[in-house]
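Naming: A, B, ... by sequence-line order, numbering from 1 per chain.
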Amino acid sequence: MEILKSEIQDLVEAAVESLGVNSSLIERMLQPAREADQGDLSLPCFPFAKALSMSPVAIAEQIKDAMGEHAAIDEVNAVNGYLNIRADPAWLAGRLLSGDVRHAANGSRREVLIEHTSANPNGPFHVGRARNAILGDTLVRLHRLWGDTVTAEYYVDDMGKQVAVLAWALENMSADDVEGLLSEREPANPQWVDKADHQRVRWYQAAQLLRKEGEQSESIEKAIGELVHASEHGDEEVLQSFQSAYQPVLDGMLETLGRLGIAFDRFTKESVFVTNGDVANLMETLGSLEINGVADNGAQFLDLGQRGLKGKTEFFYRRGDGSSLYATRDIAYHRWKWTQCNELINVLGEDHKLQAQQVGLTLEELGDRRPEVMFYSFIKLPEGKMSTRRGNVVFMDDLLEEAHAHAVEVLKERRPDLSAEAMATIAEAVGTSAVRFNIISVSPEKGFTFRWEDALSFEAGSAPFIMYSHTRACSIQRKVVEVDAAFLENNRTPAVPDETMPDGLVQLLRMLAVHDDRLAKVVREHRPNLYAEYLLQLSTAYNSFYRDCYILDEGKVDPFYFAVSELARTTLKEGMIGLGIVPLETM
RNA sequence: GGGCGUGUAGCACAGCUGGAUAAUGCAUCGGCCUCCUAAGCCGAAGAUCGCGGGUUCGAAUCCUGCCACGCCCGCCA
């Protein structure tokens, strides 16, 4: 709890000094208490035991006795060798309601470029791909909540084999060809027949079959190879045909993402760095490096083993025919990205770890910084790995429909009074928020198994739980305005009452006091799941407060309780936006 | 074979820059709607923190060996 720590650290240091111990460790040792009933900050006294040749228990007692009084401190206890300090709830309330604490710790607003998703535009989004998009977008939102200036960027893979296959298929196959080839597969979901990503992926899949099994697979492979080659050499006409092939697919994917509240500020095409000469220049620079090597056929690589890379140390950046590789273009892209920001974050699947190492080391070799990377592990289905080929996929579009339908069912039961229209709006918000939250709330590096029952859980521990707490606060605000329309204006900073506060209120104040600490950590360490956990705790605290403190009692408004409720409401709302949960005002 | 990651209650998951009784949700059992939305609240039960060593006043957390699972080790993207 930084707001308390910054206030009383001097006091603790003075007390420790008075015992004759150097207090330089206090800054680090004075830490949040683990259990709420221990207090807000605690100082383990074990490290001082040797120097003072006293028991930690006695040391804690003596520090306690040596501590001066402070308005921020409710009580100090010495327990089992720990010095526990509890913040005074009234002091906390005063600080929080004065409004000058929020984001107080934020001295470092940065310009951050976050690249995420960047999926090949060759088919609809499935849940596996969505982990990247949801994590990335949440990171974008949380950095914005923190006060950073953020650019969310999608790197469009507009050259290379995957797009070439799609372009070739659209050019050379009829709808009948495609459906004939895919006759043994599951037919496309009729609901999405007009959506280009679902449509065109059929062409892509059919072409993949032909490439592998068809009689003309060799000639097809050759044709596609020529397209790839042309694109890698910056052939405008080919690149143009690629674009008309993938753009509608990309648009379809973005439509799906839009439903989840995910949007991008900029799309950067891979081919740009080929056509503008950056890649050629880069390869020239790399060729002059000390660690450059040349293979028999003229291909070039860097020996990154000399820079600490383990395992396979040769990193090829140039083919024998002189063309670039994906990673080479990625390096050119990164060098450009560094001209756009002072903080760079990439969201990548764990399969990209080696490549990220190669790119990072090469950037350092060139005198650039390496980007920060948030890696995530892939989403599996209970039946095993997701695979489009075996039809073992969950499309995001289907998942969102299912989530929406499930939310409608729940609403029919709980709120039969609502109009169909209102229900649809709420169901969409509840469904999409629940899906996002389900994915955000687990650590990115942890394997994630997608389960319908979890994604559609609307109970405690889910997005709807947080949403529900927020709507309670909204409902109270509406009622207060009904009772007294001018109340909001007249009671900006009510006096903090001089009486013992109910448990629920104290819990809520402490949760609110800790918000910035948590957000700072989440943004610094790229761990959105910790913020998801925080919002759950804040919601729980609000619900306890709601239980203990009647804001409206017999038609009268308690100004202090209402102010606390309002602070919780705005904190919840901003936090929900930070996670991409829709802050409904009623549900 | 090498590199990286993961292993915590029946299930899912938090905690991992070492600190006191390992947090939370689901499932299980019990209580709370004549009062601000019960998608809620209160309580019970449930954990040799993968296994073995080590460092330390103190280890889920650090080091090390082993086991299991995932990902990677293309002049593919």
Side-chain angles (χ1 to χ4, degrees), chain A residues 28-29 31 33-35 37-38 42-47 49-50 55-56 79-82 84 120 157 159-164 228 270 295-301 309-314 316-321 323 325-327 329-330 349-355 357 375 377-378 380 385 407 410-411 413-415 430 441-443 445-449 451 453-454 457-469 471-480 483 504 525 529-530 532-533 536-537 539-540 543-544 546-554 557 561-562 565 586-587:
Chain A
R28 205 171 58 84
M29 298 288 300
Q31 55 202 250
R34 199 171 54 75
E35 298 290 328
D37 57 4
Q38 289 161 353
S42 80
L43 181 76
C45 299
F46 306 91
K50 224 171 230 169
S55 79
V79 188
N80 302 330
Y82 291 85
N84 292 332
N120 275 314
D157 194 348
M159 50 195 298
K161 204 158 270 177
Q162 301 208 33
V163 201
V228 172
E270 189 181 340
D296 294 345
N297 64 350
Q300 285 174 273
F301 61 88
L309 187 69
K310 292 176 185 162
K312 201 216 164 203
T313 61
E314 292 174 350
F316 280 88
Y317 64 87
R318 184 179 188 144
R319 290 197 189 93
D321 69 358
S323 62
L325 286 109
Y326 175 83
R329 286 168 239 138
D330 202 24
E350 59 180 341
D351 56 335
H352 280 66
K353 277 185 180 176
L354 175 60
Q355 165 158 349
Q357 281 270 18
F375 290 108
S377 156
F378 292 116
K380 291 173 299 203
K385 229 172 117 176
V410 173
L411 274 164
E413 205 176 294
R414 294 178 199 276
R415 296 294 307 275
V430 167
S441 54
V442 325
S443 304
E445 70 275 9
K446 199 159 262 182
F448 182 97
T449 304
R451 290 185 182 83
E453 62 207 276
D454 292 343
S457 158
F458 293 169
E459 292 172 59
S462 71
F465 169 75
I466 297 168
M467 298 167 81
Y468 185 74
S469 308
T471 58
R472 278 179 154 175
C474 291
S475 165
I476 284 170
Q477 190 216 25
R478 283 192 300 272
K479 287 223 157 70
V480 167
V483 171
E525 299 176 10
N529 61 302
L530 297 187
E533 197 196 357
L536 287 175
Q537 289 170 347
S539 302
T540 302
N543 288 332
S544 304
Y546 181 90
R547 173 202 61 205
D548 287 351
C549 302
Y550 280 76
I551 292 149
L552 280 156
D553 208 2
E554 295 175 3
V557 182
Y561 286 169
F562 181 56
S565 177
T586 175
M587 67 187 269

Q: Name the residue closer to the 5' end of RNA chain B, choosing between A:Arg329 and A:Phe448 according to the nucleotide with the nearest heavy atom.
A: A:Phe448

**Q.** Results of salt bridge (charged side-chain N to carboxylate O under 4.0 Å, His left out) for A:Arg415 - residues two or more places apart only
**A.** A:Asp417

Whole-Å gap separating [atom2] ([N]) and [atom1] ([X]):
| X | N | atom1 | atom2 | answer |
| --- | --- | --- | --- | --- |
| A:Leu43 | B:G18 | CG | C1' | 15 Å |
| A:Glu554 | B:U34 | CD | P | 17 Å |
| A:Lys310 | B:G5 | NZ | C1' | 14 Å |
| A:Phe316 | B:C75 | CZ | P | 5 Å |
| A:Leu530 | B:U17 | CG | C1' | 14 Å |
| A:Phe378 | B:U6 | CZ | P | 16 Å |
| A:Asn120 | B:C76 | CG | P | 16 Å |

Q | Closest listed nucleotide, where the reference is the side chain of A:Lys353 and the choices are B:A12, B:C73, B:C4 | A | B:C4

Q.
Measuring from the side chain of A:Asn80 (C-beta onward, heavy atoms only), which nucleotide among B:C75, B:C71, B:A20 has the closest atom?
A. B:A20

I'd like the [atom1] distance from [M] over to [N], given in whole Å.
| N | M | atom1 | value |
| --- | --- | --- | --- |
| B:G54 | B:U48 | P | 22 Å |
| B:A20 | B:A59 | C1' | 14 Å |
| B:C32 | B:C51 | P | 42 Å |
| B:U61 | B:A23 | C1' | 15 Å |
| B:C13 | B:A77 | C1' | 34 Å |
| B:C41 | B:C4 | P | 44 Å |

Q.
Between B:A22 and A:Glu35, counting only base atoms on the nucleotide and side-chain atoms on the residue, is there a donor-acceptor pair under 3.5 Å?
A. no

Q.
So for A:Asn84 and B:A20, does any side-chain atom that can act as donor or acceptor lie under 3.5 Å from a complementary atom in the base?
A. yes

Could you list, one pair per line, each protein nitrogen or oxygen that sits under 3.5 Å from a nitrogen or oxygen of nucleotides 56-64 of chain B, together with the distance?
{"residue": "B:C57", "atom": "OP1", "partner": "A:Lys50", "partner atom": "NZ", "Å": "3.2"}

Q.
For nucleotides 38-46 of chain B, give me one character per nucleotide, 5' to 3': B if any protein heavy atom sits under 4.0 Å from the base, S if the only such contacts are to the sugar-phosphate, - if neither.
A. SBSSS----

Table of protein N/O atoms under 3.5 Å from nucleotides 30-33 of chain B N/O atoms:
none

**Q.** Any side-chain heavy-atom pair of A:Lys479 and A:Ile551 under 4.5 Å
**A.** no

Just the table, please: protein N/O against nucleotides 7-9 of chain B N/O, every pair under 3.5 Å.
{"residue": "B:G7", "atom": "OP1", "partner": "A:Lys446", "partner atom": "NZ", "Å": "3.1"}

**Q.** CZ-OH distance between A:Phe301 and A:Tyr317, expressed to the nearest 0.5 angstrom
**A.** 9.5 Å

Q. Can you tell me how far CZ of A:Arg547 sits from OG of A:Ser544, rounded to the nearest 0.5 angstrom?
A. 4.5 Å

Q. Where each pair must be Watson-Crick or G-U wobble with both distances under 3.5 Å, what dot-bracket representation of RNA chain B is obtained, with crossing pairs in [ ] and other-strand partners as |?
A. (((((((..(((......[....))).(((((.......))))).....(((((..]....))))))))))))....

**Q.** Sugar-phosphate, base or nothing in reach of A:Ile551, heavy atoms under 4.0 Å
**A.** base

